[in-house]
There are 2 protein chains.
Amino acid sequence: MRWENLDQEPCSLARTLAVVGDRWTLLVLRDCFLGVRRFDAFEKRLGVTRHVLADRLKKLVEHGVLAKVAYQDRPLREEYRLTEKGIELHPAILALVSWGDRHMADERGAPIVHIHKTCGHPMRPVTVCSECGEPVGARDVQVEVGAGWGEQGVLPQRQKLTGGGDNG
Amino acid sequence: MRWENLDQEPCSLARTLAVVGDRWTLLVLRDCFLGVRRFDAFEKRLGVTRHVLADRLKKLVEHGVLAKVAYQDRPLREEYRLTEKGIELHPAILALVSWGDRHMADERGAPIVHIHKTCGHPMRPVTVCSECGEPVGARDVQVEVGAGWGEQGVLPQRQKLTGGGDNG
DNA sequence: CTTGACAAGTTCCAAAAAGAAACTGACTAT
DNA sequence: ATAGTCAGTTTCTTTTTGGAACTTGTCAAG
């Protein structure tokens with residue numbers, strides 16, 4: 001399968017990865033959440049080549065994750081800002097960061113700390129169920145075919161996840 | 001910056017992406033959560049080339065996200081199972097899937113539905129603060145340098161995110 | 001008027017990675 | 001003997017990336 005066809009897959013993860021499933025794209029978005037907006041700033045902070053950066057920014061704009069906004073005329077200069085669609089990637093990025101904090105940090109601990117403004121404390125993200133509000137782990141969810149599935153494939157026979165628990 | 005140095009960055013997202021920040025790796029993990037364990041099964045379901053699949057599985061094993069477990073001798077056959085470290089990627093994958101359901105689905109809706117076994121309802125993941133339990137959005141968090149930051153860089157001047165709200 | 005700086009790219013080439021498809025090795029079934 | 005299964009490896013071609021220089025429009029200094 002090729003990258004270009006990934007957004008046709010009957011899988012929301014594949015479709016999401018068609019937009020952000022690239023080594024640089026998520027780092028660009030991380031910087032967007034930190035307030036970076038300009039081409040040069042992305043380049044200096046990320047160490048990505050201008051070539052690739054231009055391509056990734058263009059794709060993010062095409063997918064409506066970023067918007068190009070002029071901040072001066074003569075010469076025309078444009079910066080990149082998160083759209084609402086882009087801002088909604090925050091939970092996903094937060095979850096990836098949290099995993100890295102837990103499993104990839106060195107002995108000094110997490111490189112950056114997230115302060116929850118509402119309560120004022122350093123926080124970790126916790127994933128809960130939208131219906132009952134209880135925390136959700138991998139073993140607490142069961143997957144079923146939904147309306148958008150189509151006819152293309154079939155779910156694999158469910159196996160138990162490693163480490164105990166019951167997955168049907 | 002090269003892919004190989006990414007896990008040295010003082011950023012948990014970069015370090016996480018050094019492990020899973022690849023177009024195929026997250027799709028492999030998605031299938032792991034669906035119960036897929038064998039080389040052939042991954043290949044058939046993903047449409048990835050055997051070459052790349054072998055490479056990604058090897059890297060996931062090296063990083064301790066998957067474990068290789070023999071399921072028969074003569075001939076030796078091994079399958080890949082999520083470790084606890086791998087299982088903890090579930091919130092991140094769920095968040096990416098949820099974004100895709102919301103922003104990349106066609107008119108028929110989400111391809112697959114997640115049922116929360118504890119309460120029995122179809123669910124979306126909601127990210128809440130570990131300290132106060134309130135939902136957390138991008139505009140509710142403030143980023144500060146933590147103990148693991150080192151001396152390598154500096155946080156950018158914080159800008160307001162697009163679409164209202166106040167980010168200090 | 002010429003030079004230099006700034007910002008946001010584009011162009012060019014060599015190197016690395018990915019795609020496609022055949023090949024290997026240790027078996028089992030017919 | 002022949003074919004099939006499974007988990008890869010090898011070979012070859014195409015695509016993508018990394019690195020670095022070049023372009024365009026404008027302002028400021030000398």
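Within every chain, numbering begins at 1; the chains are lettered A, B, ... in the order of the sequence lines, protein sequences first and strands thereafter. Since this is a predicted model, take the numbers as computed values, not measurements.
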Polar side-chain contact B/Arg38-D/dA7 base: donor and acceptor under 3.5 Å: no
Quick one: is [X] getting a side-chain N or O under 4.0 Å of the [N] phosphate, OP1 or OP2?
{"X": "B/Arg50", "N": "C/dT24", "value": "no"}
{"X": "A/Tyr80", "N": "C/dG9", "value": "yes"}
{"X": "A/Tyr71", "N": "C/dA8", "value": "yes"}
{"X": "A/Trp24", "N": "D/dT16", "value": "no"}
{"X": "B/Arg56", "N": "C/dA18", "value": "yes"}
{"X": "B/Lys68", "N": "D/dG8", "value": "yes"}

Expressed in angstrom and rounded to an integer, what is the separation of [X] atom [atom1] from [N] atom [atom2]?
{"X": "B/Gln72", "N": "D/dA7", "atom1": "CD", "atom2": "P", "result": "8 Å"}
{"X": "A/Glu43", "N": "C/dC6", "atom1": "CD", "atom2": "C1'", "result": "13 Å"}
{"X": "B/Asp22", "N": "C/dA17", "atom1": "CG", "atom2": "C1'", "result": "10 Å"}
{"X": "A/Leu53", "N": "D/dT16", "atom1": "CG", "atom2": "P", "result": "18 Å"}
{"X": "A/Asp40", "N": "C/dA5", "atom1": "CG", "atom2": "P", "result": "15 Å"}
{"X": "A/Phe39", "N": "D/dT23", "atom1": "CZ", "atom2": "C1'", "result": "13 Å"}
{"X": "A/Leu6", "N": "D/dT16", "atom1": "CG", "atom2": "P", "result": "14 Å"}
{"X": "A/Arg23", "N": "D/dT15", "atom1": "CZ", "atom2": "C1'", "result": "13 Å"}

Presence of salt bridge, B/Glu84 and A/Arg139, under 4.0 angstrom: yes
Donor-acceptor contact present, side-chain B/Thr16 to main-chain B/Ser12, <3.5 Å: yes
Proximal nucleotide (of C/dG19, C/dC27, D/dA7) relative to the B/Thr49 side chain: C/dG19
A/Arg38 to A/Tyr71 six-membered ring, cation-pi geometry met (6.0 Å, 45°): yes
Inter-residue atom distance B/Glu78.CD - B/Gln72.CD, 0.5 Å rounding: 10.5 Å
Between B/Asp140 and A/Thr118: side-chain donor-acceptor atoms closer than 3.5 Å: no
Residue whose closest nucleotide on DNA chain D lies nearer the 5' end, A/Asp55 versus A/Arg77: A/Asp55
5′-ward residue of the pair A/Glu78/B/Pro75 relative to DNA chain C: A/Glu78
Residue mapping more 5' on DNA chain C - nearest nucleotide basis, B/Val52 or A/Leu57: A/Leu57
